[in-house]
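Notes follow the structure.
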Amino acid sequence: MIDYDTIDILVHRVYFFFESGIILYVFTINAIYFFLTVAGFFCLRRYHSTFSREEKDLLMKSPLMPAISLIVPSYNEAMTIRESVGGMLRLDYPNYEVVVVNDGSKDDTLKILIEEFKLYFSARDVEGSLFTKPVRGVYESREPVRLLVIDKFNGGKADSINAGINAASSPYVMVVDSDSLIEKDALFQMIKPCLEDPERVIAVGGTVRAVNDCDVLHGRVRRIRSAGSWLANFQAVEYLRAFFGGRVGFSLLNSLLIISGAFGLFRRDAVLEIGGFEESTIGEDMELVVRMHHHYIKNKKPYRIVYVAQPVCWTEVPDSLKILKRQRKRWQRGTVESLWRHREMLLNPKYGTVGLFAFSYFFLFEMLGPAVEFLGYFLTILGLVFRIIAPSVAILFFSVSIMSGMLLSTSAVLLEEFTVCRYPSWRDSWRLFAAAIAENFGFRQMLTLWRVQGLIDGIKGKRGGWGAMERKGFKVVGKS
Amino acid sequence: MRRLKHTLRRLRESFRSPAADRAFVLLKVCFVLSLFVYMAWQVHHQVFSRRVREVPLSLALSFLSVQVMLMTSELLLSCLIKQKDATRRGFSSRALPFIRKNLAEHIAGEDRHRPLLAMCLVHGSDVQRSLADFLGSVEGAARARLTALASSLGVDWVWEKVALYGTAEQRKDAAFHLGLLATSSSRDVLRRMLADASPHVRTAACRSLLRMGDLADVDQVFHSCLQSPLLVRALLMTDLQPHAPRLLDEIFPLLLAAGEASQVAAALELAAGWMSRLPYGMLASLLVHPRASVRAAAVPLLQFEGSPARVEAWIFAGLADPEAPVRLAAARLSGKLRIRSAIPALESSLGDPRGEVTRESLRALAAMGPEGWQILERSVLSPDPKLAARAAEALSAAHLSPFEAA
């Protein structure tokens with residue numbers, strides 16, 4: 001005979017076991033987020049100073065400044081390539097070259113580059129130690145700042161970056177997305193940690209921000225403003241949270257696991273030493289940084305991977321749910337792949353803070369986090385339907401979780417105002433604060449769902465290509 | 001007393017090391033988080049534990065309340081920041097013309113100590129900023145009057161204290177300001193700042209001391225510069241340039257006799273940047289230095305050597321050096337100086353195992369004119385595809401079509 005009371009008690013116990021686990025999980029993740037945000041506040045005020053105008057003038061004249069190669073992988077970027085490469089050719093830095101890698105684009109990317117920058121077909125052969133898809137041709141310009149365009153067969157983003165690294169002639173390479181605009185003094189700010197500690201700094205990451213609805217002229221962001229659409233503003237807040245509330249803290253602990261593929265500077269010999277960007281993963285940026293940690297710690301070599309807040313790379317964020325969904329699923333798959341490849345580091349004391357804190361954090365919270373959050377929502381609904389928990393309790397715990405998200409997002413916006421303050425107007429600040437609050441109702445849950453899908457795809461080992469996005473193009477003002 | 005001061009200073013410097021700095025930040029973060037938990041606990045203990053029976057629910061309510069409080073404070077703080085900035089800008093825009101007028105009148109000979117002292121109490125930072133601007137733009141008696149004014153207003157004391165106890169950014173600004181004052185006490189503080197943990201502060205202190213022009217300070221700055229990271233050298237190169245002849249004559253020999261290879265290489269980089277000619281004997285000894293980094297750094301200095309025969313001889317030796325960086329530097333220089341007698345040696349370098357040396361040799365040959373081009377044309381037809389491609393690239397760079405040449 002079935003004892004319904006025993007089953008009921010058992011179900012309740014199992015339910016509360018899981019629910020308590022999820023509450024503990026949410027508490028831990030929020031505690032870590034708060035830790036990183038507060039650390040971000042102190043670090044941004046302490047370490048992230050800029051060069052003065054006079055210092056920049058001195059450095060511009062100095063022959064001691066190391067050369068930098070900007071590597072710009074591009075695939076079907078006809079819409080934005082003119083503005084972005086034009087902007088990159090007008091940066092303040094004494095010694096740099098721009099290497100654009102056209103990864104077999106099907107649109108007019110190459111044609112636009114040849115016509116706009118008056119390129120000639122060069123006899124140059126791209127040779128180097130990194131294996132890539134064959135190069136069809138190399139084009140060069142006669143302009144004072146050297147522009148090199150490598151036209152190659154399609155092989156993916158990592159393959160294109162590797163081709164660029166092969167062609168680069170500088171000790172430092174900076175990878176920039178071709179749909180991005182970088183600020184005039186970005187190279188100075190990015191190279192700063194390398195000048196301060198050239199022996200140890202092997203990689204530097206900068207800040208990425210949403211350019212949607214900002215005024216652009218001659219490849220520069222002339223007027224910064226918050227985006228017109230809520231979706232873009234949600235992402236703008238998300239970027240602020242990720243960079244100011246996360247990467248600053250990880251950088252403090254020398255355990256930064258991600259340098260954005262859209263904006264990162266690397267010591268070329270360090271990248272070559274570990275075999276360049278990995279082509280078989282879609283999260284090539286994170287994979288490279290994790291591999292750097294893995295390699296340098298394993299070989300007991302002193303190194304630093306640093307984040308700097310000041311240099312900003314402005315990028316167009318998806319304005320449609322369809323593209324955003326594709327992007328987030330791709331990112332999640334990339335995280336899964338990178339972490340799984342280097343799972344040896346997980347909770348491994350041999351890898352110090354990286355293995356014990358950063359890697360574990362990414363594994364438990366960034367990789368599995370969406371699944372746990374999803375399970376939390378599911379269990380709460382289940383508990384409400386079967387009357388295992390009271391609606392008031394469910395609402396209370398839901399409110400605590402939502403309020404934590406709001407607090408973190410508003411803190412990130414406040415952090416921006418306190419430190420770099422790129423949005424000086426009241427209107428933009430309030431829009432961002434409103435987005436920081438509103439994103440927790442619907443947008444966050446939607447991201448969770450997509451990330452769960454990305455996690456499943458990652459576990460299944462689904463492959464991916466460039467993940468190209470439909471562009472609207474920059475909001476160009478005046479005559480460019 | 002002096003010993004105690006010295007110990008305290010050492011202690012302060014050790015607290016400024018990057019590791020200690022990081023530890024401080026982590027401590028602060030832990031303190032803030034503990035405060036947050038304490039606030040939540042207090043709300044639970046004082047308010048909700050009496051009304052809500054279940055502890056988890058009471059704790060959740062407490063956390064929720066604290067979060068709401070914090071978020072509201074953040075929004076208010078944001079308004080305050082914006083309002084404060086706007087008010088400050090307004091205040092400054094009203095006060096600055098008055099401060100500047102008084103400073104100008106003081107320079108002209110009137111006594112404006114009193115109104116400026118009154119302004120100092122309300123607009124201290126504006127007075128300091130204006131004073132620094134004026135000090136940077138005047139010389140002679142006017143500067144002396146402003147220095148005396150700074151002293152009587154207590155501004156020099158503020159800058160000295162900030163230089164010792166402020167944040168890195170504040171110390172850097174203070175170093176610049178103290179350099180403008182150029183008093184004996186500011187010089188002492190600046191000398192102390194040469195040992196600062198932050199390279200930015202050290203650079204600012206070095207530049208201020210160089211501006212003061214004391215020769216003993218120049219030597220100290222030069223030594224400090226060689227021990228500092230590349231950033232400091234890059235920033236100080238121009239400021240040290242006027243002192244280059246004396247440094248080369250007096251300091252370089254001592255450095256070469258006792259210095260580490262890394263410091264010697266750094267000094268040579270600076271000398272190349274200044275485009276200075278080293279005495280031949282010294283240069284010759286550097287070109288046979290046991291460390292390849294020193295030899296490679298010495299090769300570019302050959303371009304300032306007067307005797308072409310000596311330069312050629314050393315370039316041949318450089319091209320035959322067992323270390324790639326030296327061969328690379330020699331190939332680069334031969335192309336830059338267009339030393340035609342080096343063509344056979346450059347041609348033999350085309351088989352160099354290091355790609356960058358081959359490429360540089362090809363570039364050097366491209367710079368030699370018809371004689372070098374002939375070799376490149378032959379190389380374009382070489383059975384070695386890599387060499388052929390590199391030769392074509394060099395020809396292309398020399399604005400010659402490889403097909404025409406072939």
Side-chain angles (χ1 to χ4, degrees), chain A residues 20 23 27 31 34-35 38-39 41-43 45-47 49 51-52 55 58-59 61-66 120 122-125 127-128 138 140 142 169 192 194-199 249 252-253 392-393 396-397 399-400 403-404 406-407 410-411 413-414 417-418 421 424 426 429-430 433 437, chain B residues 21-22 24-26 28-30 32-33 36 54 56-57 60-61 63-64 67-68 70-71 74-75 77-79 81-82 85 167-169 172 199-200 203 229-239 269-270 272-273 355-356 359 380 385-386 388-393 395-397 399 401-402:
Chain A
S20 314
I23 289 171
F27 180 80
F34 278 120
F35 173 84
V38 179
F41 174 80
F42 288 117
C43 291
R45 288 184 72 85
R46 209 177 178 90
Y47 302 122
S49 58
F51 285 122
S52 67
E55 284 173 332
L58 283 173
L59 293 177
K61 283 185 248 161
S62 176
L64 301 183
M65 290 300 278
Y120 67 92
S122 163
R124 189 182 167 136
D125 183 38
E127 52 176 288
V138 179
E140 287 187 75
R142 290 191 174 92
S169 56
K192 201 170 128 196
C194 305
L195 296 176
E196 287 168 358
D197 192 358
E199 273 82 37
L252 176 78
L253 302 167
S392 56
V393 175
L396 178 65
F397 281 103
S399 309
V400 173
M403 192 54 78
S404 300
M406 283 186 199
L407 188 61
T410 48
S411 301
V413 178
L414 188 73
E417 287 202 354
F418 248 133
C421 197
W426 285 84
S429 287
W430 282 107
F433 269 116
I437 291 167
Chain B
D21 216 34
R22 268 205 299 277
F24 269 137
V25 171
L26 290 175
K28 277 190 204 172
V29 174
C30 291
V32 172
L33 290 180
F36 176 70
E54 290 95 339
L57 287 187
L61 275 170
F63 268 104
L64 190 66
Q67 283 172 343
V68 171
L70 284 177
M71 220 179 75
E74 280 183 351
L75 293 174
L77 205 59
S78 164
C79 293
I81 293 169
K82 286 230 173 334
D85 286 349
T167 62
E169 193 71 3
K172 185 179 149 189
H200 297 273
T203 311
L230 182 61
L231 173 79
V232 180
R233 291 203 296 280
L235 282 167
L236 289 179
M237 207 190 77
T238 316
D239 290 299
E269 267 179 9
L270 283 173
E356 64 265 35
R359 189 166 272 163
V380 168
K386 266 190 181 174
R390 284 172 183 162
E393 182 195 332
L395 274 174
S396 159
H399 300 285
S401 156

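Quick note on labels: first sequence line is chain A, next is B, and so on, each numbered from 1.
At a 4.5 Å heavy-atom cutoff, the contact between A:Ser411 and chain B is made by backbone and side-chain atoms alike. In this structure, chain B has heavy atoms under 4.5 Å from both the backbone and the side chain of A:Ser404. Both the backbone and the side chain of B:Leu70 come within contact range of chain A, with heavy atoms under 4.5 Å apart. Of the atoms belonging to A:Trp426, heavy atoms from both backbone and side chain fall under 4.5 Å from chain B. Residue B:Asp85: no heavy atom, backbone or side chain, is found under 4.5 Å from chain A. Only the side chain of A:Phe433 comes within contact range of chain B, judged by heavy atoms closer than 4.5 Å. When heavy atoms are compared at a cutoff of 4.5 Å, A:Ile437 approaches chain B solely by way of its side chain, counted from C-beta outward. Only the side chain of A:Phe397 comes within contact range of chain B, with at least one heavy atom under 4.5 Å from a heavy atom of that chain. Both the backbone and the side chain of B:Leu61 come within less than 4.5 Å of a heavy atom of chain A.
Put simply, NZ on B:Lys172 and OG on A:Ser52 are 5.0 Å apart, with the number rounded to the nearest 0.5 Å. From A:Leu195, atom CG reaches atom CG of B:Leu235 across 8.0 Å, with rounding to the nearest 0.5 Å. Separating the CD atom in A:Glu55 from the CG atom in B:Leu231 is a distance of 7.5 Å, to the nearest 0.5 Å. Here the straight-line distance linking atom CE of B:Met71 with atom CG of A:Leu414 works out to 11.5 Å at 0.5 Å rounding. Expressed to the nearest 0.5 Å, how far CZ of B:Arg233 lies from OG of A:Ser62 amounts to 10.0 Å.
With sequence neighbours excluded, the residues forming a side-chain contact (heavy atoms from CB on, under 4.5 Å) with B:Leu64 are A:Leu396, A:Ser399, A:Val400, A:Met403, B:Gln67, listed by chain and number. By the ring-ring contact (aromatic ring centres under 6.0 Å, His included) test, B:Phe63 is found to be paired with A:Phe27, B:Phe36, residues two or more places apart in sequence or in another chain being considered.
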inquiry  = Would A:Phe42 and B:Val32 count as a side chain to side chain contact (heavy atoms under 4.5 Å, CB included) here? Give the steps.
reply    = CA-CA 11 Å; A:Phe42 288 117; B:Val32 172; 3.9 Å; yes
Passes side chain to side chain contact (heavy atoms under 4.5 Å, CB included), A:Glu417 versus B:Glu74? Steps please.
CA-CA 11 Å; A:Glu417 287 202 354; B:Glu74 280 183 351; over 6 Å; no
Given side chain to side chain contact (heavy atoms under 4.5 Å, CB included), test A:Trp430 with B:Leu75 step by step and report yes or no. CA-CA 9 Å; A:Trp430 282 107; B:Leu75 293 174; 4.2 Å; yes
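Closest approach of A:Glu196 and B:Pro199 over heavy atoms only: CG-CG, 4.1 Å. Scanning both residues, A:Ala31 and B:Leu33, for their nearest heavy atoms gives O-CD1, 4.5 Å. Residues B:Leu26 and A:Phe35 share a closest heavy-atom pair of CD2-CZ, 3.7 Å.
Each of B:Glu269, B:Met237, B:Lys28, B:Glu169 has some count of heavy-atom pairs under 4.5 Å with chain A, and the biggest count is that of B:Lys28. Listed options B:Cys79, B:Ala391, B:Pro56 were ranked by heavy-atom pairs under 4.5 angstrom with chain A; first place goes to B:Cys79. Of the listed residues (B:Ser78, B:Cys30, B:Gly273), the one with the most heavy-atom contacts under 4.5 Å to chain A is B:Ser78. Ranking B:Ala234, B:Ala389, B:Ala168 against chain A, the residue ahead of the rest is B:Ala234, based on heavy-atom pairs under 4.5 Å. If you tally non-hydrogen atom pairs under 4.5 Å between each of A:Val393, A:Val138, A:Val413 and chain B, the highest count goes to A:Val393.
Remark: the A:Lys61 side chain and the B:Thr238 side chain contain no N/O donor-acceptor pair separated by less than 3.5 Å.
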